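Notes for the one structure printed next.
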Amino acid sequence: MKLYNTKGYTTIQEWLSQKGMQAFAFQEEAWQHIINRQSGLVNAPTGCGKTYSVFLGAVIQFINEHPGNWQTKQKNGLRLLWITPLRALAKDIGRAMEEVFYELGMQWKVGIRNGDTEMSERQKQKRNMPEVLIITPESLHLLLAQKGNADAFHQLQLVAIDEWHELLGSKRGVQVELALCRLTGSYYTAKNTFGTPAIWGISATIGNLPEAKDVLLASLPAPIQKKSVTVRAKMDKQIDILSVLPDEIEKYPWAGHLGIRLAEKVIPIIEQSNTTLLFINTRGMSERWYQTLLTIAPQLAGAIALHHGSIEHELRIWVEEALHAQKLKVVVCTASLDLGVDFRPVDTVIQVGSPKGVSRFLQRAGRSGHRPGDTSKIFFLPTHSLELVEAAALQQAIKEDMIESRPPMLLCFDVLVQYLCTLATGDGFTSPDTFEEVKRSYCFSDITPAEWSEVLSYITEGGIALQQYDEYRKVENDNGVYRIKNRRIAMRHRMHIGTIVSDAMLKVKLMNGKFLGVIEEWFISRLEPGEVFTLAGRNLELVGIKDMNVMARVSNSKKSIVPSWQGGRMPLSANLGLMLRRTFDKALTGKAREIELKVLKPLFQLQEQLSHIPKQDELLIEHIETKDGYHLFVYPFEGRLVHEALAAILAYRIAQITPITFSIAMNDYGFELLSDQPIPIDDSNAHELFTTRDLLTDIQRSVNSVEMARRKFRDIAVIGGLIFQGYPGEHKKARHLQSSASLLFKVFSEYEPDNLLLRQAYQEVLSQQMEETRLRALLQRIEHNQIVITYPKYLTPFCFPIKVDSMRENLSSEQLEDRILRMQAPNP
DNA sequence: GACCTGCTGCGGCGTG
């Protein structure tokens, strides 16, 4: 690849080799396509030069097409827009790019624009755009909300979307889709020297890579789409999975989530490595693990740190840097370290508890092993006996490349409403063109003219239900151009751009003014001053709440309350569920080679003796009678969301046979129906009860979908700009937000039941809260499965974790441990 | 407004 430049290199390869680097085959492939002005998707794992694969291509293309132009200090305008989902990635990428420009003798500048960018820098960019701009999806929309922003894009040559797999499947991805439609639309391209800019995505491996490309490039003209390509980096890493095994499986708890009993076994692993990442599934449990490790291995003091999403940003950055510099030996973390800045690999990774999905596990494993060819090593630490099966299932899943897909989101009207207000805040938009433009996106390809006019009516006059309220008449139709003219409305809108809706958090501040992190209002409101809680690895005494900060002082108390934060509840993925069911096939055969299955043998034998181990094509149902009542346990292994919905449907269907009430419990493996009378399900009616027939009506009758939709509606209302969340720093109570959303929900339900956003709330409940596609697939599977019904005398290893979770609510943890021991006792 | 085990991610206030 030719390279004309002042430093005397004639090819890019030569320049790279001068730096002691060599071009990978996939990089050269991508460069060639970029030079040909194609668009496409690069599929490459982190840390193998994926930035260069796109960035250098754009540079070579420009230099070759505009000889001499790049040497001058003349205003070149924005050539390359680099979209990244993480602010933290921007600095490192920017530095790498600047270095390239310097070494090639180019006068190009790299700018960064996100929430951290200073005002003066933004103004400088406005006067004189750098050639390369690194930006987040949100900041890009903020840019589109500026007057006269189109001028900035008249030289745009290439748009790159980094970590596309992270954005795809979320509303942030939809934001990117919409922005791409705009940048490739005639309003921006008419004056562009390059015509339509090329679009390049960079993505890790996901199950639906071709679809990921289609979504990304949907906005491009058909001929360009047809010529588009997928470039793959073939760098398979060997991965070794090592389970942390309890000494005696018979004595390891059948239920639990923490896994702390195996903490002793972690110490030697940490000590044998220079650096270790210990991944914990929740923030609260990561605090507990941190404390426990320090207690049993005090020598780690100073060499151990904690990293999760509720710890103050600066502390986290310190931890990341200290880890890089090998000042730390071990970091206890949550998914906050999943995506890291060009993260320097560590020696060892330990996963505590279920990773819930194959790709998450792979990604974490990939954090270890220093060179591309190195083997990655990951330890799996089960938090209860049965979970050990996941290690065997994961091994097989990785062998078979069962990476999860990320289905793109469709028809997110809340994001569209916000986006149109963004355009109206900027230069305004006209209706028919913008409709066509938006329709080019994958997300809105099926939008109807009726839906479009409903959206327009909604932003101009508040739709039907809200038309008497002035504050919902945001956009004016100014001779065919839709604009927001009111400055207060425009300002409020700019403050609310984005699709991430979070709960109200309070900052925790030490008496010396140092911030440690955030905590949820409902948690801290239950504590009295003087009580001790844990945050960022420290025990803190609550002093009081002042100016919406939680004031605290460091405490020496041994006892403390570990906070819990409200997070998402990632369910077990379909792929991992499938592999689990397959793995049970091997459980009792002598063929199992996996050490985990051998170790679990006593547990499997007990399960088989008391009940049954379901084969891949079987559905196991257990009837068990205890003094609590009559239990029915069902094990589909489809993740807790699907189980929650199915449990409700099954309960409803059974209640049609005979009047009966249930309480319901579930986990990722199965669910429980509990009643005070025998549950009438047996071989004669089991298949009928799991039929797909009337599924939707039965869902509506059984699940409280109104209540679920009401909660979903809160986020939609915030994204759609119906609720003003208050000025930054100004504290609005979470309760306040919920009640205004509830009120709007009520108004819509009463006066405009067909409202677009209301419908979307019900749709999201179905697709996200109940994973309807998966639920339906499960029922179809059961139609062909054999249903095995057993009547065990005691609680079985399979049902135990579900049973324990269902009684957790009423008991303190001490009582719970006693009860668990007593329950386990009658079994051999 | 309920979650009880429950992740991550961004953006905004100015005034000429």
Side-chain angles (χ1 to χ4, degrees), chain A residues 84-89 113-120 122-123 135-142 145 163 166-167 170-173 175 255-259 279-288 307-310 313 316 333-340 352-357 360 383 418 487-488 490-504 520-523 526 562-571 640-641 667-668 707-708 710-711 714 718-719 724-730 733-739 741-742 801 804-806 808-813:
Chain A
T84 159
L86 280 177
R87 281 185 308 223
L89 290 168
R113 192 181 184 101
N114 57 38
D116 298 335
T117 309
E118 305 247 337
M119 209 57 221
S120 58
R122 290 175 194 221
Q123 275 157 356
I135 202 166
T136 56
E138 287 82 3
S139 285
L140 177 54
H141 276 243
L142 277 162
E163 314 277 355
E166 280 297 327
L167 291 163
S170 74
K171 290 185 180 176
R172 297 185 80 198
Q175 274 188 301
H257 300 284
L258 190 54
F279 280 104
I280 310 287
N281 280 341
T282 73
R283 288 166 278 187
M285 294 192 313
S286 72
E287 296 272 357
R288 287 210 173 93
H307 193 288
H308 63 68
S310 291
H313 231 105
R316 282 197 263 168
C333 62
T334 62
S336 57
L337 275 188
D338 265 347
L339 285 173
V352 175
S354 169
K356 311 274 182 179
R360 184 178 293 109
T383 58
Q418 184 189 94
R487 299 174 89 191
R488 202 178 62 97
M491 184 191 82
R492 278 192 172 201
H493 176 71
R494 280 196 298 267
M495 284 171 49
H496 277 70
I497 283 180
T499 58
I500 299 170
V501 183
S502 349
D503 260 333
E520 285 175 21
E521 195 183 305
W522 68 268
F523 172 79
R526 298 158 148 201
V562 178
S564 77
W565 286 268
Q566 230 75 280
R569 338 181 142 179
M570 35 188 177
R640 59 168 296 138
L641 295 179
N667 68 10
D668 276 327
E707 186 49 41
M708 287 167 124
R710 191 202 310 280
R711 263 178 246 157
R714 189 195 78 157
V718 169
I719 295 170
F724 183 65
Q725 285 185 292
Y727 293 94
E730 176 193 82
K733 290 215 163 184
R735 218 177 307 127
H736 182 272
L737 194 64
Q738 182 60 41
S739 65
S742 295
V804 169
D805 275 358
S806 77
R808 192 178 302 271
E809 294 164 33
N810 318 320
L811 298 169
S812 73
S813 55

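All values derive from a computational prediction rather than experimental measurement. All chains are named by letter (A, B, ...) in the order of the sequence lines, taking the proteins before the strands, and each is independently numbered beginning at 1.
Donor-acceptor pairing under 3.5 Å, judged by distance alone, is absent between the side chain of A:Ser139 and the base of B:dC10.
Of the side-chain N and O atoms in A:Arg360, none sit less than 4.0 angstrom from OP1 or OP2 of B:dT8. Here A:Arg87 reaches the OP1 or OP2 of B:dG11: one of its side-chain N or O atoms lies under 4.0 Å away. In this model, the phosphate group of B:dC13 is not approached by any side-chain N or O of A:Arg494 to a distance below 4.0 Å at OP1 or OP2. The side chain of A:Thr499 places no N or O atom within less than 4.0 Å of a non-bridging phosphate oxygen (OP1 or OP2) of B:dC10. Phosphate proximity of B:dG12 to A:Arg122: present, with a side-chain N or O under 4.0 Å from OP1 or OP2.
Here B:dA2 is the nucleotide among B:dA2, B:dG6, B:dC7 with the atom lying nearest to any side-chain atom of A:Trp522. When each of B:dC10, B:dT8, B:dG6 is scored by its nearest atom to the side-chain atoms of A:Ser336, the top-ranked nucleotide is B:dT8. Across B:dG1, B:dC13, B:dC7, the shortest atom-to-atom separation from the side chain of A:Met495 is found for B:dC13. The A:Glu138 side chain lies nearest to B:dG11 when the options are B:dG12, B:dG9, B:dG11.
A:Lys171 comes within contact range of no nucleotide atom at all, as no heavy-atom separation falls under 4.0 Å.
Among residues two or more places apart in sequence or in another chain, the ring-ring contact (aromatic ring centres under 6.0 Å, His included) test is passed with A:His496 by A:Phe724. Applying the ring-ring contact (aromatic ring centres under 6.0 Å, His included) test to A:His308 and every residue at least two apart in sequence or in another chain returns A:Trp565.
Look at the C1' atom in both B:dA2 and B:dG6: the space between them is 14 Å, to the nearest Å. Taking atom P in both B:dT15 and B:dG11, the straight-line distance is 22 Å, to the nearest Å.
In this structure, A:Ser502 and A:Lys356 both approach DNA chain B, and ranking their closest nucleotides by distance from the 5' end singles out A:Lys356. Nearest-nucleotide assignment on DNA chain B puts the 5′-proximal partner with A:Gly309, out of A:Gly309 and A:Ile497.
Atom NE2 of A:His307 and atom CG of A:Leu337 lie 4.0 Å apart (nearest 0.5 Å).
A 4.5 Å side-chain heavy-atom check between A:Arg113 and A:Leu142 finds every atom pair outside the cut-off.
Among A:Arg640, A:Arg569, A:Lys356, the single residue meeting the side chain to side chain donor-acceptor pair (under 3.5 Å) criterion with A:Asp668 is A:Lys356.
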